[in-house]
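Here the structure comes first, spelled out in structure tokens, and everything after it is commentary.
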Amino acid sequence: MQRALSKNLTNNRHGGRMSNKKEDYKSSQLYRIRHSTAHVMAEAVLEMFPDGQVAIGPAIDDGFYYDFDLPRSLTPDDLETIENRMKELIKAKSDFVCEEVSAEDAKDLFKDQVYKLELIEGLESGNLDDDGNPTDEKAPITIYRSGKFVDLCRGPHVENTSQINGQAIKLLNVAGAYWRGDEHRPMLQRIYGTAWESKDELKDHLWKLEEARKRDHRKVGKELDLFSSNDEVGQGLILWHPNGGMIRHQIERYWDDQHIANGYDLIYTPHMGKASLWETSGHLGFYKENMYSPIQIEDQEYYIKPMNCPFHLHVYKSQLRSYRDLPLRFAEKGTVYRYERSGVLHGLMRVRGFTQDDAHHFCRPDQMPDEIDFTLNFSIDMLRAFGFNEFQAYLSTKPEKSVGDEKMWRDAEAALEDTLIRMGIPYEVDAGGGAFYGPKIDLKIKDALGREWQLSTIQFDFNLPERFDLSYIGEDGKEHRPYMVHRALLGSMERFFGVLIEHYAGAFPVWLSPKQVMLIPIADRHNSYAHEVAAKLKKAGLRVSVDDSSDRMNAKIRNAQKQKYPYMLVIGDREMEEGQVALRRRSGENPGAMSVDAFLALALDEIAQKI
RNA sequence: GCCGGCGUAGCUCAAUGGUAGAGCAACCGCCUUGUAAGUGGUAGGUUAUGGGUUCGAUUCCCAUCGUCGGCUCCA
């Protein structure tokens, strides 16, 4: 089995349960439409700026873009003008005509287009394709003509612009993008657009964008008072407010319980360590650009930690380990700090200080397949508990430059793939995409809007056990090197929180809700009974508030709804007389009056079920 | 870091060379309410920060900080 799998990996043959959505998409009509729309856009842009330089313009997920070098910056008004012109060009019903040309002819045709000339040279020398990506095959040079526009392009395209629905395209935004993604090369202007087969699909897509905007964790985070960042504190450093803090506490409590129940030991390690530690680990060699400047303490340099691993390795090394002790699993919610360039910071999703839900497993080679199985299962179980049920895995294999012997890599890759197949998780192989120290699986979840987020990562490490000279005493009484797996399940508390916020649009399941119950007395005379009920519910462990303001009931309900309280309990004369509460749910559902005990039982049950 | 946009009251936004305004929130009243906004009043601003142009700058220019859309990178 393992040999077969290894062969699979070597040949990069994507069979079995491996997904090939990308290939399907690339051969679809929609892909052609988008790619062709990009050409139409380029034609419209060149009409506006006859001296403009065009770079590349591929179809991407949900749309397309095209990069231009233009004499001035584009404005939103320009986008509207361009879009309108595109619609006219589409109506002209131009054919897309493909021609194969010699390199000389191509160079002559694009003699004023410096980026195209560079691409042609890449094609000519046979190591770059027409998007400038490395390739092994020397592809023929093809051009596509449509209207007055000619582009160096491999295609495929629609046959005629009439196959593009002018009612189903929209230009979205302009952004800067480096030529070939290289920051040392010119900055171009990229126009993003979207294109669909029908007007309705466009509408759906725009609705989805709008919905994503509405549930943006930065917006919801402000509305629900979950977190903030602050000028004076610094970029990319998150302040967790009481509401966010309560959610994090619930997440961490569950996380701790699950880890303890599943054979982990919880450990705690410091926020910094001496320079020599990071030299031993190699971080000062290959990770220094992400680390902050050292702190001088009594003639010694210390670094704030960007990772937890070196500390965990020292916990392992703190005593002699027997093969009987393994596997060992050390877990820590470890807070790390990494330098990120200011332009990449983004809400909770990309920050400079964050807490990884980290762990390191140490095991014997023979335990490795089981250990991977366990880890992936545990990871999926954990994510399911938070309401994520769709997963996509990415398996990254041995890159050219790597440490560790061939057999270790083969075994590890096979174990990873084997587990993915056994668990029926769709996956893609990123051949050669692993870190130099070991292969890995990255798990992405799909959220309520179908967007993918990378959370879990399970990585082999053949490097650190070597560098720290880890060993255990085997059955044979000799020293052996353990395998080490580094894993994070939620990824980081910050990013996971951001994903959770967007997944639930702030309407967290009851067990996570920072506020669970709002009591709504209708008039002042109901206030004291409301406080009595609140005290009882609090005693049972619920997170309860009473709105005893002078607002009317309608306003109280509105406020509680906006704050996403899962339960609102209205209390008036009838309830007070009967010792009841009238339940209204966040969903708008209105089960009505019930005894306090009945409500309590209902709430505790839903909390236990994590719904 | 780079390209482009933005930064006005706690929040959402007006005002555009002539010394800043609304709604919500807050606070003080009145109302005592039955499933998403009852009502009157009060207070709240060195218009991100620092420089420049100008008789005069929130408005124009420069720099810094922050932020947004991307590039690159990643938990």
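As the structure is a computational prediction, the values presented were derived from the model and not from experiment. Every chain is numbered from 1, with letters handed out A, B, ... down the list of sequences.
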- Item | hbond_proxy A/Glu575 side chain to B/G34 base (donor-acceptor, 3.5 Å cutoff) | yes
- Per nearest nucleotide of RNA chain B, the residue lying toward the 5' end, A/Leu583 or A/Gln189, is A/Gln189
- Message: Please report the distance separating the P of B/U49 from the corresponding atom of B/U42, rounded so that it comes out in whole Å.
- Response: 28 Å
- Query: Does the side chain of A/Arg552 get closer than 4.0 angstrom to OP1 or OP2 of B/A36 through an N or O atom?
  - Reply: no
- Task: Compare all side-chain heavy atoms of A/Gln454 with those of A/Ile445 and state whether any distance is below 4.5 angstrom.
- Result: no
- Message: For A/Tyr264 together with A/Phe378, are the ring centres under 6.0 Å from each other?
- Response: yes
- Quantified in whole Å, what is the C1' atom distance between nucleotide B/C31 and nucleotide B/U39? 7 Å
- Message: Between B/G41 and B/U59, how far apart are the two C1' atoms, rounded to whole Å?
- Response: 33 Å
- Over 60° means perpendicular and under 30° means parallel, so classify the ring planes of A/His346 and A/His217, tilted if in between. tilted
- Expressed in whole Å, how much space separates the P atoms belonging to B/G40 and B/G5? 43 Å
- B/A36 base to A/Arg584 side chain: any donor-acceptor pair below 3.5 Å? yes
- Whole-Å distance separating the CG atom of A/Asp547 from the C1' atom of B/U35: 14 Å
- Query: Taking only side-chain nitrogens and oxygens of A/Lys556, does any of them come within less than 4.0 Å of OP1 or OP2 of B/A37?
  - Reply: no
- Query: Do A/Asp524 and B/U32 share a donor-acceptor pair, side chain to base, under 3.5 Å?
  - Reply: yes
- Query: In terms of the angle between their ring planes, are A/Trp240 and A/Phe497 parallel, tilted or perpendicular, with boundaries placed at 30° and 60°?
  - Reply: parallel
- Query: Taking the P atom of each, how far is B/U47 from B/U58, in whole Å?
  - Reply: 6 Å
- Message: What's the gap between B/A14 and B/A9 when it is taken at their P atoms, as a whole Å value?
- Response: 13 Å
- Query: How is A/Asp357 classified with respect to the nucleic acid when contacts are heavy atoms under 4.0 Å: base, sugar-phosphate, or nothing?
  - Reply: nothing
- Note on the structure: From CE of A/Met568 across to C1' of B/A37 the rounded distance in Å is 15 Å
- Message: Do A/Arg329 and A/Phe374 form a cation-pi contact, if we require the NZ or CZ to be under 6.0 Å from the six-membered ring centre and within 45 degrees of the ring's axis?
- Response: yes
- Do the ring centers of A/Tyr567 and A/Phe599 come within less than 6.0 Å of each other? yes
- Task: Please round to the nearest 0.5 Å and tell me the distance separating atom OH of A/Tyr287 and atom CH2 of A/Trp278.
- Result: 10.5 Å
- Task: Using a 4.0 Å cut-off on protein heavy atoms (strictly under), produce a 5'-to-3' string for nucleotides 62-75 of chain B with B for base contact, S for backbone-only sugar-phosphate contact, and - for none.
- Result: ---SSSSBBBBBBB
- Message: Output the rounded distance in Å from CG (A/Asn559) to P (B/A37).
- Response: 10 Å
- What does A/Ala560 touch in the nucleic acid at a heavy-atom separation under 4.0 angstrom: a base, only the sugar-phosphate, or nothing? nothing
- Applying side chain to side chain donor-acceptor pair (under 3.5 Å), name anything that partners A/Arg341, two or more places apart in sequence or on another chain. A/Glu183
- Integer-rounded Å distance: B/C3 C1' and A/Leu74 CG: 12 Å
- Whole-Å distance separating the CZ atom of A/Arg185 from the P atom of B/C3: 17 Å
- B/G70 versus B/U12 - spacing of their C1' atoms, nearest Å: 26 Å
- Task: Using a 4.0 Å heavy-atom cut-off across all strands, classify A/Thr75 as base, sugar-phosphate, or nothing.
- Result: nothing
- Query: So what is the 5' to 3' dot-bracket string for RNA chain B, if pairs are Watson-Crick or G-U wobble with both distances under 3.5 Å, crossing pairs use [ ] and | means the partner sits on another strand?
  - Reply: (((((((..((((....[..)))).(((((.......))))).....(((((..]....))))))))))))....
- Could you state the CD-P distance from A/Gln561 to B/C24, rounded to the nearest angstrom? 21 Å
- Message: Tell me the interatomic distance from A/Leu79, atom CG, to B/G4, atom P, rounded to whole angstroms.
- Response: 16 Å
- Task: Compute both the distance and the angle, then confirm whether A/Arg190 meets the cation-pi test with A/Tyr65: under 6.0 Å from the six-membered ring centre, within 45 degrees of the axis.
- Result: yes
- Message: Would you measure the distance from the P atom in B/C71 across to the matching atom in B/U54 and give it in whole Å?
- Response: 43 Å
- Do A/Lys305 and A/Glu332 meet the salt-bridge criterion of a basic N to acidic O distance under 4.0 Å? yes
- Message: From NZ of A/Lys562 over to P of B/U12, roughly how many Å is that when rounded to an integer?
- Response: 12 Å
- Message: Would A/Lys564 pass as a cation-pi partner of A/Phe508, given that its NZ or CZ must be under 6.0 Å from the six-membered ring centre and within 45 degrees of the axis?
- Response: no
